[in-house]
Amino acid sequence: MVPNISSLSSYILEYQRSCANPTGYWAYVADTFYWRRKYDEVLRWDFEKPEIAWYVNGKLNITENIFERQIYYRRKQVALYWEPNDPGQPARSLTYQELFEATQQFANVLIAQGVRKGDRVAIYMPMVPELVVAMLACARIGAVHSVIFAGFSAQSLAERINDAGARVLITADGGYRGEKTIPIKAIADEAMESTECVERAIVLRRTGESVPMKAGRDYWWHDLKKNAPLVHEAVEVDAEDPLYILYTSGSTGKPKGLVHTTAGYMVYTAHTFRNVFQYEEGDVYFCSADIGWVTGHSYLVYGPLLNGATNVMFEGVPTWPDAGRYWQIIDKYRVNQFYTAPTAIRALMALGMEWLNGKDLGSLKVLGTVGEPINEEAWHWYHDHIGKNKCPIVDTWWQTETGGIMISPLAGIIPTKPSYATLPFVGIQPAIVDDNGNELTGNSVEGNLAIKFPWPGMARTIWGDHERFRHTYFGRFANLYFTGDGVKRDEDGYYRILGRVDDVINVSGHRLGTAEIENAINEHPLVVESAVVAFPHPVKGQGIYAFAICNEFSTGGEAGIRQSVVKTVERIIGPFARPDKVLVVSGLPKTRSGKIMRRILRKIALGEGDDFGDTTTLLDPAVVDEIVTKARAMEAEAG
Ligand code: WT7
């Protein structure tokens with residue numbers, strides 16, 4: 001098992017050791033895993049190129065580290081408790097042995113479909129155990145999975161499938177989310193209309209609704225499984241062979257396929273999981289994230305399973321059939337560690353205390369949050385009412401790009417402070433830099449958050465676009481990885497994440513680029529141009545405010561346009577990217593050089609006064625008054 005840091009003094013010692021001798025430290029952690037061939041060198045790196053390689057020439061398979069390494073003593077232990085969307089439906093559970101067999105069998109299915117090491121497999125599935133099986137089966141044969149969140153539209157799905165060049169798509173007939181049934185296969189079918197690379201679709205039966213199956217392309221999961229053997233010997237891969245691609249948003253339009261490789265990601269997710277959550281043998285751990293995002297990859301699938309943890313996986317949503325759903329699950333499975341997003345906490349907090357009645361939360365030991373800053377009010381509610389004042393909260397800061405948790409308390413070890421991610425994980429060397437890249441040393445400073453030294457879990461490239469990887473993350477400040485976040489280090493040396501400093505916004509913990517939303521809005525036939533800014537939203541953290549120039553109105557006038565703009569974004573990106581407010585305007589505040597002055601739009605979105613500072617560089621200052629007047633009218637109309 002990975003080493004455990006079990007006291008504040010050993011954290012301080014290990015932190016110093018890991019920074020003074022990173023390769024020694026990460027070799028020490030890596031040596032607790034099973035290697036087919038040991039690495040020759042711990043780390044090779046150059047942030048200029050950039051080139052990062054951990055455990056050079058090591059050979060392994062991550063599923064061998066999940067299964068073979070632990071199976072003799074975990075055969076009968078539950079790996080996955082699966083709780084369905086509808087509490088009236090039967091729950092399922094899979095032991096390590098059952099998950100192992102399902103993985104091997106599905107690996108054989110993939111092999112029979114011609115999938116080989118290095119091939120990309122797209123996965124577009126609801127939150128069911130077969131999603132985990134599909135990922136692990138890819139890893140078993142050395143294929144690269146690319147999971148696409150099932151809330152994405154057909155167009156977004158197609159774009160990602162094409163970018164990854166996936167040969168196989170694993171999907172389902174449909175999925176359940178709260179009271180809704182999602183027509184997953186229909187969306188996948190539409191996506192496959194505009195993909196040339198997909199040769200096969202493997203379709204899991206979940207809802208049982210009848211769906212068209214295209215002859216020669218679509219096959220049922222259960223049919224393919226029938227003749228597949230239960231034994232599959234893991235394919236040996238290189239430490240730096242890609243494990244998966246996961247798409248995320250950046251400040252420009254096109255989504256980025258971040259590539260995570262095998263060994264470093266394995267070591268890092270396992271080590272952070274064990275230590276941040278202080279997971280102990282026999283504990284039951286529940287991460288409410290969807291596997292479509294990195295949190296699900298690292299802290300529902302790989303990190304916990306590599307530690308032999310017992311996981312709870314939930315198909316549904318926190319507010320259905322009622323707002324007590326999470327608390328009921330925690331009670332039912334006697335959950336010890338619970339990891340969720342601030343947006344869920346704020347939503348549940350707003351629905352009142354009655355949903356806690358009759359729920360025994362006494363099993364909880366650790367609470368976690370991820371994805372966005374947590375405000376103090378939500379922090380206290382979580383701490384007092386869910387943790388009953390006895391559970392430390394780990395506010396974990398990290399990113400799709402970092403692969404695992406970077407700045408966070410270790411539960412019960414590093415003292416917490418509301419809305420602070422506190423201190424860096426062992427081996428993580430943060431730097432706060434000003435806009436010119438000068439490091440701001442000492443305490444009580446604020447600036448851009450960068451990282452000085454590689455860590456094993458970091459992404460290695462953007463699929464098919466290494467130059468974009470270079471300039472996005474290593475081009476901003478010399479010899480530093482740039483996170484895109486602003487940060488403050490307080491008088492105690494504690495870190496507080498202030499939010500993005502680029503054009504990325506965070507809506508309910510979902511990361512979206514303003515350019516991506518604008519591109520979607522511009523697809524609307526009547527929209528000439530648009531600009532999107534974020535505004536503070538009580539539940540979502542940030543909401544989306546869109547300003548759109550339209551040169552004519554269809555029937556339904558402005559209200560009709562607003563609605564159809566929202567529909568357009570749902571269709572092009574997905575329902576989770578829906579703008580909260582759409583204001584139809586006749587112009588946007590632009591400088592003479594044609595640049596939109598977003599700070600003015602942000603102020604308007606905030607409903608803030610009339611002082612917009614220096615507007616003399618604007619081409620047409622009068623446009624600001626018009627927008628303000630219209631924005632006020634829209635607020636008044638909304639009440
Ligand atoms: C962005 C990364 C990490 C998994 C889920 C999101 C924001 C993340 C925190 C936190 C404040 C946070 C940052 C970051 N963020 N965790 N604890 N406190 N902000 O991954 O979709 O790649 O988004 O989420 O702005 O850059 P992601």
Side-chain angles (χ1 to χ4, degrees), residues 147-149 151-152 244-251 255-258 260 265 268-269 272-273 276 287-303 339-346 367-376 378-379 382 393-409 414 416-425 428 430 448-451 457-459 462 472-473 476 481-488 494-514 516 534 536 540-542 576-577:
V147 180
I148 295 120
F149 173 57
F152 275 113
Y244 69 80
I245 303 171
L246 185 60
Y247 287 86
T248 190
S249 299
S251 42
K256 308 181 265 198
L258 272 311
H260 283 288
Y265 180 81
Y268 197 70
T269 54
T272 46
F273 173 76
V276 169
C287 167
S288 74
D290 194 289
I291 291 176
W293 309 109
V294 75
T295 306
H297 282 60
S298 299
Y299 298 109
L300 204 164
V301 180
Y302 291 108
Y339 193 28
T340 196
T343 187
I345 299 167
R346 287 189 297 263
L367 298 174
T369 69
V370 59
E372 43 170 335
I374 180 163
N375 50 309
E376 291 203 24
W379 194 98
Y382 198 33
I393 295 179
V394 292
D395 174 353
T396 62
W397 173 83
W398 57 295
Q399 312 176 292
T400 305
E401 294 85 343
T402 69
I405 295 167
M406 300 288 280
I407 302 181
S408 167
I414 295 177
T416 60
K417 200 188 268 194
S419 73
Y420 280 78
T422 74
L423 296 174
F425 192 70
I428 302 305
N448 302 298
L449 177 58
I451 315 285
M458 70 189 300
I462 291 173
T472 308
Y473 304 107
R476 181 80 172 81
Y481 164 82
F482 177 47
T483 64
D485 280 308
V487 69
K488 165 181 144 177
Y494 268 32
Y495 291 82
R496 179 183 186 151
I497 307 299
L498 302 172
R500 302 289 305 197
V501 295
D502 53 9
D503 290 324
V504 168
I505 61 181
N506 195 321
V507 181
S508 301
H510 298 323
R511 177 168 157 183
L512 291 157
T514 51
E516 184 183 6
K540 297 177 172 184
Q542 289 187 312
F576 65 94

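Residue numbers count from 1 along this sequence. Read the numbers this way: they start at 1 and go in the same order the structure lists the ligands and their atoms.
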**Request:** Begin from the C-alpha positions of D485 and W397 and carry the test side chain to side chain donor-acceptor pair (under 3.5 Å) through to its verdict.
**Result:** CA-CA 10 Å; D485 280 308; W397 173 83; 3.0 Å; yes

**Item:** Whether Y265 and Y244 hold their rings parallel, tilted or perpendicular, with breakpoints at 30° and 60°
**Value:** perpendicular

**Fill in**
Distance filter under 4.0 Å, heavy atoms only, around ligand 1 gives V294, T295, V370, G371, E372, P373, D395, T396, W397, W398, Q399, T400, D485, I497, R500, N506, R511

**Y420 and Y494 aromatic ring geometry - parallel, tilted or perpendicular at 30°/60° bounds** = tilted

**The single option from R500, R346, R511 passing salt bridge (Lys or Arg N to Asp or Glu O under 4.0 Å) against E372** = R346

**Ring centroid separation W398 to Y299 under 6.0 Å** = yes

**Verdict with supporting geometry, T396 and Y339, side chain to side chain donor-acceptor pair (under 3.5 Å)** = CA-CA 10 Å; T396 62; Y339 193 28; 2.6 Å; yes

